[in-house]
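Have a look at the structure below, then the notes.
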There are 2 protein chains.
Amino acid sequence: MFGHIDYKNPPELCPVRDVMSVASDQWSALIILWLGYFPVLRFNKLKKFVYGISNKVLSQRLKVLEADGYIQRKAFAEVPIRVEYSLTDFGQSYVEKLLELAEWMQTNSPKVLANREKYGLL
Amino acid sequence: MFGHIDYKNPPELCPVRDVMSVASDQWSALIILWLGYFPVLRFNKLKKFVYGISNKVLSQRLKVLEADGYIQRKAFAEVPIRVEYSLTDFGQSYVEKLLELAEWMQTNSPKVLANREKYGLL
DNA sequence: TCATTCGGTTACTTTTTGTAACTTACTCTA
DNA sequence: TAGAGTAAGTTACAAAAAGTAACCGAATGA
């Protein structure tokens with residue numbers, strides 16, 4: 001990530017950046033965090049928890065997160081169709097890290113909001 | 001973040017989301033990580049490390065990160081002007097958390113790339 | 001027969017990003 | 001003394017991503 005990598009390298013030679021930008025994207029993070037809290041969620045339920053996300057973006061992100069191995073998609077041939085999303089073991093290991101970050105945010109967001117306000121007055 | 005918050009709340013009532021979306025944005029994260037590695041960086045140096053970022057976005061992000069209290073900006077009245085960016089104590093405490101995430105990514109990005117490839121074959 | 005359900009997709013608009021040229025004000029070089 | 005270079009950005013314009021809202025198919029229940 002740092003000193004040992006030639007900073008002139010194009011980003012496609014830095015998979016960490018690529019992977020991180022998917023996994024820590026705002027919507028992806030929320031999806032993963034909610035799936036960490038509720039082991040199984042269906043599309044519309046997930047959409048309610050990840051408040052404000054659109055069908056389009058939710059379905060895009062779910063595909064990418066599935067491709068990257070964080071989540072699993074199980075479709076049941078019922079009518080109407082039922083689809084269940086859940087974390088993989090890999091996703092579970094990630095959500096633990098992510099949760100630490102979320103907790104830091106929970107603790108520190110008041111400071112940030114205070115900073116913002118102070119900054120606005122300058 | 002979770003069960004104790006009514007998921008119907010509009011996002012503007014969830015400061016954690018707001019703050020997190022700024023701080024864990026791809027470019028913001030890279031800026032903060034590099035400033036964690038080099039205690040002081042000037043605009044153009046930072047731009048080289050955060051490979052691929054444009055002047056516009058770099059200057060936007062620096063302003064937001066300054067407003068939120070993660071970084072400090074010091075301008076020296078020289079010619080040509082010299083501007084030094086560095087982490088605040090608050091930013092320093094954040095970069096430690098962020099670094100854990102980056103390390104997880106460093107370790108696990110090969111798995112993600114492998115998953116992606118497998119997924120592509122399905 | 002007609003509205004409802006679920007898990008999306010599609011066409012279209014708006015917002016965000018990226019690109020690249022330009023700026024300011026002074027100094028160094030030819 | 002004309003011209004180029006420098007640092008830290010800004011600006012106008014183009015491209016990409018995200019948001020919006022209507023629509024889909026197949027079956028079920030009223």
Side-chain angles (χ1 to χ4, degrees), chain A residues 7 10-12 14 17-18 20-31 34-35 38 40-68 71-86 119 122, chain B residues 7-8 10-12 14 17-31 34-35 38 40-68 71-86 119 122:
Chain A
Y7 62 73
E12 52 274 25
C14 181
R17 264 175 69 162
D18 176 9
M20 189 156 168
S21 74
V22 169
S24 71
D25 159 85
Q26 187 193 177
W27 293 126
S28 300
L30 285 170
I31 291 168
W34 281 111
L35 283 174
F38 296 103
V40 174
L41 285 171
R42 297 167 63 179
F43 191 90
N44 283 307
K45 209 70 170 154
L46 201 41
K47 196 187 164 190
K48 277 178 195 158
F49 287 121
V50 184
Y51 187 86
I53 199 170
S54 65
N55 286 11
K56 190 181 89 172
V57 172
L58 178 54
S59 100
Q60 276 177 359
R61 290 281 171 269
L62 288 171
K63 277 176 196 162
V64 172
L65 292 175
E66 195 193 352
D68 279 12
I71 67 175
Q72 257 172 335
R73 179 185 187 276
K74 263 184 216 163
F76 299 84
E78 302 172 0
V79 170
I81 191 175
R82 179 163 57 101
V83 178
E84 292 184 346
Y85 291 96
S86 55
Y119 190 85
L122 307 181
Chain B
Y7 62 75
K8 293 191 214 68
E12 52 273 26
C14 181
R17 265 175 68 161
D18 175 9
V19 169
M20 189 156 167
S21 74
V22 169
S24 70
D25 159 86
Q26 187 193 178
W27 293 127
S28 300
L30 285 171
I31 291 168
W34 282 111
L35 283 174
F38 296 103
V40 174
L41 285 172
R42 297 167 63 178
F43 190 88
N44 284 307
K45 208 74 170 149
L46 203 39
K47 197 188 162 188
K48 277 178 195 159
F49 288 122
V50 184
Y51 187 85
I53 199 171
S54 66
N55 287 12
K56 190 180 90 173
V57 172
L58 179 54
S59 99
Q60 276 177 359
R61 290 282 173 273
L62 288 171
K63 277 175 196 162
V64 172
L65 291 175
E66 195 193 353
D68 279 12
I71 66 175
Q72 259 172 334
R73 180 185 187 276
K74 263 185 215 163
F76 298 84
E78 302 173 357
V79 170
I81 191 174
R82 179 163 57 100
V83 178
E84 291 185 347
Y85 291 95
S86 55
Y119 190 85
L122 305 182

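No experiment lies behind these values; they were computed from the predicted model shown. Protein chains get the first letters and strands the later ones, always in sequence-line order, with residue 1 at the start of each.
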For this session: Measure the spacing between CG of A:D18 and CG of A:D68 and express it to the nearest 0.5 Å.
Result: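 Spacing of CG (A:D18) from CG (A:D68) equals 7.5 Å.
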Problem set entry | Between CG on residue B:L35 and CD on residue B:Q72, distance to nearest 0.5 Å |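 Interatomic distance, B:L35 CG to B:Q72 CD, rounded to 0.5 Å: 11.0 Å.
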For this session: Could you check whether A:Y85 gets within reach of a base, just the sugar-phosphate, or nothing at all, counting any heavy atom under 4.0 Å?
Result: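 Sugar-phosphate: the residue A:Y85, judged by heavy atoms under 4.0 Å, touches backbone atoms but no base.
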For this session: Answer with base, sugar-phosphate or nothing: what part of the nucleic acid does A:K63 contact at a heavy-atom distance below 4.0 Å?
Result: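 Since only primed, P, OP1 and OP2 atoms lie under 4.0 Å of A:K63, the category is sugar-phosphate.
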Exercise. With sequence neighbours left out, what residues match B:R82 under side-chain contact (heavy atoms from CB on, under 4.5 Å)?
Worked result: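 B:R82: side-chain contact (heavy atoms from CB on, under 4.5 Å) contacts with B:R42, B:F76, B:E78, B:E84.
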For this session: May I ask you to decide if B:S21's main-chain N or O and B:S24's side chain share a donor-acceptor pair within less than 3.5 Å?
Result: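 Side chain of B:S24 to backbone of B:S21, a donor-acceptor pair under 3.5 Å: no, none is there.
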Could you check how far [atom1] of [X] sits from [atom2] of [N], rounded to whole Å?
X	N	atom1	atom2	result
B:L46	D:dA7	CG	C1'	14 Å
B:Q26	D:dA16	CD	C1'	14 Å
A:R82	D:dA27	CZ	P	17 Å
B:E78	D:dG9	CD	P	14 Å
B:L62	D:dA7	CG	P	17 Å

For this session: Enter the inter-axis angle for the ends of the helix from C:dT1-D:dA30 to C:dA30-D:dT1 (five pairs per end, rounded to 10°).
Result: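 Taking five pairs per end, the axes differ by 20°.
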Exercise. Reckon A:W27 has a side-chain N or O less than 4.0 Å from the OP1 or OP2 of D:dG19?
Worked result: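 Yes.
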Problem set entry | Phosphate OP1/OP2 of D:dA8: any B:R42 side-chain N/O under 4.0 Å |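 Yes, such a contact exists.
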Side-chain heavy atoms of [X] within contact of [Y], under 4.5 Å:
X	Y	answer
A:L46	A:F43	no
A:F38	A:K45	no
A:Q26	B:M20	no

Exercise. First contact, last contact: which nucleotides of DNA chain C are these for chain B, 5' to 3', heavy-atom distance under 4.0 Å?
Worked result: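 Nucleotide range with atoms under 4.0 Å of chain B: C:dT17 to C:dC26.
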Exercise. So, for A:A23 and A:S28, which heavy atoms are closest and what is the spacing to 0.1 Å?
Worked result: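 Distance-wise, the nearest heavy atoms are O-CB, 4.0 Å.
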For this session: Assign the ring pair B:W34 / B:F49 to parallel, tilted or perpendicular, where the plane angle (0 to 90°) is split at 30° and 60°.
Result: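 Correct class here is parallel.
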For residues 53-67 of chain A, please give each side-chain donor-acceptor pair under 3.5 Å, one per line with the distance, not counting sequence neighbours.
{"residue": "A:S54", "atom": "OG", "partner": "A:V57", "partner atom": "N", "Å": "3.2"}
{"residue": "A:N55", "atom": "OD1", "partner": "A:K47", "partner atom": "NZ", "Å": "2.7"}
{"residue": "A:R61", "atom": "NE", "partner": "A:D25", "partner atom": "OD2", "Å": "3.0"}
{"residue": "A:E66", "atom": "OE1", "partner": "B:Y119", "partner atom": "OH", "Å": "3.3"}

Problem set entry | Minimum-distance nucleotide (side-chain atoms of B:P80 versus D:dA7, D:dG9, D:dA18) |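 Minimum distance to the B:P80 side chain belongs to D:dA7.
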For this session: Strictly below 4.0 Å, heavy-atom distances to any atom of DNA chain D: list the hits from residues 53-60 of chain A, or just say none.
Result: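 Listed by number, they are A:S54, A:K56, A:V57.
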Which protein N or O atoms sit under 3.5 Å from an N or O of nucleotides 28-30 of chain D?
none

